[in-house]
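First comes the structure, then the notes that go with it.
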Amino acid sequence: MYRNIVILTGAGISAESGIKTFRDQNGLWEQHSIEDVATPEGYANDIELVERFYSSRWQQLHSDEVSPNPAHYALAKLEQAFDGNILVITQNVDDLHERAGSRRLLHMHGELNKGRCPKSLQTFILREPFGPDNCCTCCIPAKRLRPHIVWFGEMPFGMDRIHDALDRCDLFIAIGTSGTVYPAAGFVDSANHHGAQTVEVNLLEPDRHSQFQYHFTGKAGDIVPQLVDDILDGKVIGSEPIAL
Ligand code: BV8
């Protein structure tokens, strides 16, 4: 039935794994708006504050309280069993898709598990929290690693690959995203323009809700496994309610 599937995930797919969404944090962290902390200006203004923001999220990610949920595993199962093309584009910086088994995956907003040399742009797996002693090994003198994160005002990763996939897709599914951050929030318009079926899975009806042809309201961990089974059974999404 479908030949080219693109899936966009947001913080909502990791909510049931114990990671707070952006909006759940009311956009605030240590009395700073997320937008202030997640910007190059915020980093230049208070490097230690921004390092604390990312180091604490990195430490939570590696705690016992966080692990993939059924929605992550269902997307990995779809990648393994689907005989067409599939790409998961995630706005999330956690590694829960990888831990669940997804490989055809693109982190358009970067990765919490990596630091980046500000000079060479080389990335390094994070082995300790950010700080003055956590430096690159590619420069002399060594440079203090920055989070390998796309901040507001910075260009997301993989945009050419993303646009190619959106141009070809016949099914676009957005899971757990508020549709408030661009360019990700505009991907549904591109999918609609190219004639794809557009489907949304969300607890609520978020900002770009009206741009989607089908909407499934509920938790990603409940809906996505059934949605994946329906796709693998060759069903047309939206032709019948999801049997939860
Ligand atoms: C760029 C890394 C250009 C940081 C992030 C005015 C209009 C339009 C655009 C702009 C504008 N002003 C500025 C811009 C551009 C800006 C932007 O969009 N700003 C917004 C605030 C208006 N965008 C950028 O700056 C982007 N870059 O445009 O570059 C450019 C061009 C040339 C050269 C250079 C640059 C870069 C944006 C990337 C920012 N970085 N993340 C970090 O992670 O710390 S964005 C960050 O916020 C996340 O990555 C994510 O993308 C976003 C939060 O969105 P969601 O993932 O959707 O999370 P949220 O909490 O909002 O929603 C969760 C949803 O899940 C909810 O709907 C909820 O109902 C649902 N949910 C909850 N639980 C569940 C659930 N659903 C299902 N099941 C559940 N259990």
Side-chain angles (χ1 to χ4, degrees), residues 8-15 17-68 89-99 105-162 176-186:
L8 173 69
T9 64
I13 200 171
S14 295
S17 295
I19 297 182
K20 274 190 171 181
T21 69
F22 276 74
R23 295 323 172 257
D24 290 346
Q25 294 181 47
N26 306 312
L28 284 180
W29 191 80
E30 287 194 358
Q31 293 73 50
H32 293 265
S33 87
I34 292 269
E35 281 78 5
D36 290 346
V37 171
T39 59
E41 297 76 14
Y43 184 65
N45 178 48
D46 189 339
I47 193 168
E48 284 79 14
L49 174 75
V50 177
E51 287 182 336
R52 279 202 307 277
F53 177 54
Y54 287 98
S55 297
S56 71
R57 289 167 67 195
W58 172 73
Q59 282 160 335
Q60 185 211 15
L61 183 59
H62 293 279
S63 70
D64 297 340
E65 65 192 66
V66 172
S67 58
I89 302 164
T90 187
Q91 300 173 87
N92 301 336
V93 293
D94 63 58
D95 62 348
L96 296 178
H97 282 299
E98 293 92 325
R99 288 195 223 172
L105 174 68
L106 198 161
H107 279 277
M108 67 177 289
H109 289 163
E111 299 172 68
L112 211 43
N113 278 328
K114 293 179 181 172
R116 187 166 81 228
C117 172
K119 183 162 184 269
S120 71
L121 307 185
Q122 192 176 322
T123 58
F124 298 83
I125 298 297
L126 215 56
R127 307 276 183 218
E128 60 185 294
F130 289 103
D133 302 330
N134 195 348
C135 296
C136 74
T137 55
C138 52
C139 301
I140 299 174
K143 298 278 186 294
R144 187 173 184 157
L145 293 181
R146 63 156 275 181
H148 182 53
I149 296 287
V150 177
W151 284 327
F152 289 94
E154 294 184 325
M155 178 62 87
F157 298 127
M159 290 307 296
D160 289 344
R161 187 176 168 204
I162 290 170
T177 181
S178 60
T180 51
V181 175
Y182 288 81

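Everything numeric here is computed off the predicted structure, so don't read it as measured data. In this chain, residues are counted from 1 in sequence order.
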What are the two closest heavy atoms between Phe53 and Ile34, and how far apart are they? CZ-CD1, 3.8 Å

Verdict with reasoning, Met155 to Val150, per side-chain contact (heavy atoms from CB on, under 4.5 Å): CA-CA 7 Å; Met155 178 62 87; Val150 177; over 6 Å; no

Please check this pair: side chain of Ser55 against backbone of Arg52, looking for a donor-acceptor N/O pair closer than 3.5 Å. no

By ring-ring contact (aromatic ring centres under 6.0 Å, His included), which residues pair with Phe130, not counting sequence neighbours? none

Does the pair Asp95 and His107 meet the rule for a side-chain hydrogen bond (donor to acceptor under 3.5 Å, both in side chains), with working shown? CA-CA 9 Å; Asp95 62 348; His107 279 277; over 6 Å; no

Non-hydrogen atoms of Gly10 and Gln91 that approach each other most closely: CA-NE2, 3.8 Å

Is it true that Lys20 and Glu65 make a salt bridge, defined as a side-chain N closer than 4.0 Å to a carboxylate O? no

Taking the side chain from Ser14 and the backbone from Ala11, do they hold a donor-acceptor pair closer than 3.5 Å? no

At their closest point, which heavy atom of Leu112 faces which heavy atom of Leu126, and how far apart are they? O-CD2, 3.6 Å

Rounded to the nearest 0.5 Å, the CG atom of Asn92 sits from the OG1 atom of Thr9 at a distance of 4.5 Å

Taking all non-hydrogen atoms of both residues, which atom of Tyr54 and which atom of Pro147 are closest, and how far apart? CD1-CG, 3.8 Å

Got a second to check how far His109's NE2 is from His148's NE2, nearest 0.5 Å? 12.5 Å

Minimum heavy-atom distance between Val37 and Val50, given as atom pair plus value: O-CG2, 3.5 Å

Taking all atoms of both residues into account, what is the closest heavy-atom pair of Tyr43 and Leu145, and its distance? OH-O, 3.8 Å

For atom CG of Leu121, is the number of surrounding heavy atoms from other residues, nucleotides or ligands below 6.0 Å larger than 12? yes

From OG1 (Thr21) to CD1 (Ile13), nearest 0.5 Å: 13.5 Å

Would Leu96 and Ile19 count as a side-chain contact (heavy atoms from CB on, under 4.5 Å) if you check the C-alpha gap in whole Å, the side-chain angles of each, and the deciding distance to 0.1 Å? CA-CA 10 Å; Leu96 296 178; Ile19 297 182; 3.9 Å; yes

Phe157 vs Glu111, test: side-chain contact (heavy atoms from CB on, under 4.5 Å). Steps then yes/no. CA-CA 11 Å; Phe157 298 127; Glu111 299 172 68; over 6 Å; no

I need the Trp58 CH2 to Arg127 CZ distance, nearest 0.5 Å. 9.5 Å

Would you compute the distance between atom SG of Cys139 and atom NZ of Lys119 and round it to the nearest 0.5 angstrom? 5.0 Å

What residue pairs, at least two apart or across chains, pass side chain to side chain donor-acceptor pair (under 3.5 Å) with a residue in residues 132-141? none

Ser120/Cys136 under side-chain contact (heavy atoms from CB on, under 4.5 Å): CA gap, chis, key distance, verdict: CA-CA 9 Å; Ser120 71; Cys136 74; 5.9 Å; no

Rounded to the nearest 0.5 Å, what separates atom CH2 in Trp151 from atom CG in Asp36? 13.0 Å

Side-chain donor/acceptor of Glu98 to backbone N/O of Leu105, under 3.5 Å: no

Quick one: salt bridge (charged side-chain N to carboxylate O under 4.0 Å, His left out) pairs with a partner in residues 149-161, sequence neighbours left out? Arg146-Glu154

Look at the side chain of Ser17 and the backbone N and O of Ser67, then say whether any donor-acceptor pair between them is shorter than 3.5 Å. yes

